[in-house]
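Below is one structure, written out as structure tokens; comments come after it.
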Amino acid sequence: MIPFITTNEGKFEEFRTFLEPLGLQLSMSDREYPEVQADSLEDVVLYGASVLSRELDEFVIEDSGFFIDPIPGFPGVYSKHIHGSIGLDGVLKLVGTDRRAHFEACILYYDGTSHVFKGEVTGTVATERRGTGGFGYDPIFIPDGHDRTFAEMTPAEKNELSHRGRALESMAGFLRSRDRP
Ligand code: IMP
């Protein structure tokens, strides 16, 4: 079992839903590690890995963010903080007529070397919250080509479209080709 170091149960559930059917087992480890305030998600996971690798031989970490396209970089690396401060209602008030948005995910798998996998999904900000599934900004994000928010989808449906699902697909491809060359 590879430890996935996160305090976010929603993320862990999406990892598990994606990886278990492929025979890849992860355990959730909610230990803390430093999350630097950097401009890119990749810098955040690379720094986290540089600290964790002093104690662990193998692990997975992930950093992700929600981006409202007409407000460059926002909330981006501050997604968790903004969600906890002004909340989804506060975010909805900031969105104007251009409602384009996207999510990005950056997964780092460490096995002595840091391997980075990225994913992105584009869409729009809904005019109100809809749905009860998922976590974070899911109730207000509608992926392109769909009319339901992520929170109105099952974890498996969301994984087929999401930033995290895309990054997980790359990581799973890497792990499978490494284990069965
Ligand atoms: P972090 O990766 O723990 O720094 O947190 C990223 C934050 O971005 C989360 O706490 C959520 O607020 C938001 N976020 C990232 N991925 C998703 C997602 O798939 N759905 C909804 N919100 C997300």
Side-chain angles (χ1 to χ4, degrees), residues 3-19 26 28-49 51-52 59-69 71 73-92 94-95 99-109 116-126 128-144 146 148-171:
F4 175 29
I5 303 172
T6 182
T7 53
N8 184 324
E9 285 182 23
K11 281 188 192 179
F12 180 70
E13 184 56 22
E14 290 176 19
F15 269 63
R16 207 184 52 74
T17 303
F18 190 97
L19 296 172
L26 242 63
M28 180 170 165
S29 164
D30 64 0
R31 65 188 285 165
E32 299 283 336
Y33 64 91
E35 279 198 39
V36 280
Q37 280 308 343
D39 287 339
S40 82
L41 303 176
E42 184 167 353
D43 288 345
V44 176
V45 290
L46 285 171
Y47 184 77
V51 175
L52 288 167
F59 58 85
V60 174
I61 53 177
E62 189 245 48
D63 201 54
S64 46
F66 178 61
F67 296 79
I68 297 169
D69 296 344
I71 316 175
F74 181 85
V77 292
Y78 307 104
S79 296
K80 191 173 170 183
H81 174 71
I82 294 294
H83 184 263
S85 54
I86 63 172
L88 296 183
D89 292 332
V91 171
L92 284 173
L94 297 173
V95 182
R99 307 193 71 85
R100 281 172 300 160
H102 70 277
F103 277 112
E104 292 177 23
C106 188
I107 299 176
L108 184 146
Y109 168 65
V116 171
F117 308 96
K118 294 180 186 175
E120 189 171 330
V121 57
T122 58
T124 50
V125 181
E128 77 228 317
R129 312 152 167 250
R130 290 195 333 240
T132 53
F135 65 95
Y137 297 84
D138 283 345
I140 62 165
F141 181 77
I142 303 170
D144 284 339
H146 295 263
R148 285 176 301 154
T149 65
F150 270 165
E152 293 177 300
M153 299 181 182
T154 63
E157 281 177 309
K158 179 183 167 189
N159 270 343
E160 275 181 33
L161 308 167
S162 80
H163 51 314
R164 185 163 299 106
R166 288 176 180 154
L168 280 167
E169 205 171 303
S170 305
M171 181 178 83

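Both counts, for ligands and for their atoms, begin at 1 and track the order of listing. Just so you know, these numbers come straight off a predicted model, no measurement behind them. The chain is numbered in sequence order, starting from 1.
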Checklist entry - So which protein heavy atom does atom 3 (O) of ligand 1 come closest to, and at what separation? => result Lys11 NZ, 3.2 Å

Checklist entry - Under a 4.0 Å N-O cut-off, is there an ion pair linking Glu169 with Arg166? => result no

Checklist entry - How about Phe74: does its CZ atom have over 12 heavy atoms from other parts shown lying under 6.0 Å from it? => result yes

Item to check | Closest candidate by heavy atom, reference atom 14 (N) of ligand 1, pool Phe135, Phe150, Phe141 | outcome: Phe135

Checklist entry - Under 3.5 Å, is there a donor-acceptor pair between the side chain of Arg99 and the main chain of Ala126? => result yes

Next on the checklist: Students should be able to answer this: which protein heavy-atom is nearest to atom 20 (N) of ligand 1, and at what distance?
Outcome noted: Asp138 OD1, 2.6 Å

Checklist entry - Is it true that Phe103 lies under 4.0 Å from ligand 1, counting heavy atoms only? => result yes

Checklist entry - Of Thr149, Val125, Ile82, which is the lone residue that meets side chain to side chain contact (heavy atoms under 4.5 Å, CB included) with Tyr137? => result Ile82

Next on the checklist: I'd like to know whether CD of Glu120 has more than 12 heavy-atom contacts from other residues, nucleotides or ligands below 6.0 angstrom.
Outcome noted: yes

Item to check | 4.5 Å side-chain heavy-atom contact, Glu14 and Thr17 | outcome: no

Next on the checklist: Considering non-hydrogen atoms of the protein only, which is the closest contact for atom 8 (O) of ligand 1, and what is the distance?
Outcome noted: Ser79 CB, 3.2 Å

Checklist entry - Among protein heavy atoms, which sits nearest to atom 16 (N) of ligand 1, and what does the distance come to when rounded to 0.1 Å? => result Arg164 NH2, 2.9 Å

Next on the checklist: Regarding atom 5 (O) of ligand 1: of the candidates Ala105, Ser162, Ser64, which has the closest heavy atom?
Outcome noted: Ser64

Checklist outcome for this item: closest protein heavy atom to atom 19 (O) of ligand 1 is Lys158 NZ, 2.7 Å

Next on the checklist: Within the structure provided, determine whether Met171 and Leu19 are in side-chain contact (heavy-atom separation under 4.5 Å).
Outcome noted: yes

Item to check | Heavy-atom proximity to atom 22 (N) of ligand 1, best of Phe67, Phe66, Tyr137 | outcome: Tyr137

Checklist entry - In terms of residue, atom name and distance, what is the protein heavy atom nearest to atom 4 (O) of ligand 1? => result Asp63 OD1, 3.0 Å

Item to check | For Glu35, atoms of ligand 1 separated by under 4.0 Å from a heavy atom | outcome: 4 (O)

Checklist entry - Should Phe4 and Lys11 count as side-chain neighbours, where that means a heavy-atom distance under 4.5 Å? => result yes

Item to check | ligand 1 to Glu14 polar contact by distance, N or O atoms, under 3.5 Å | outcome: no

Next on the checklist: Less than 4.5 Å apart, side chain to side chain, heavy atoms only: is that true for Arg31 and Leu52?
Outcome noted: yes

Next on the checklist: Does ligand 1 come near enough to His163 that some N or O of the ligand is less than 3.5 Å from an N or O of the residue?
Outcome noted: yes

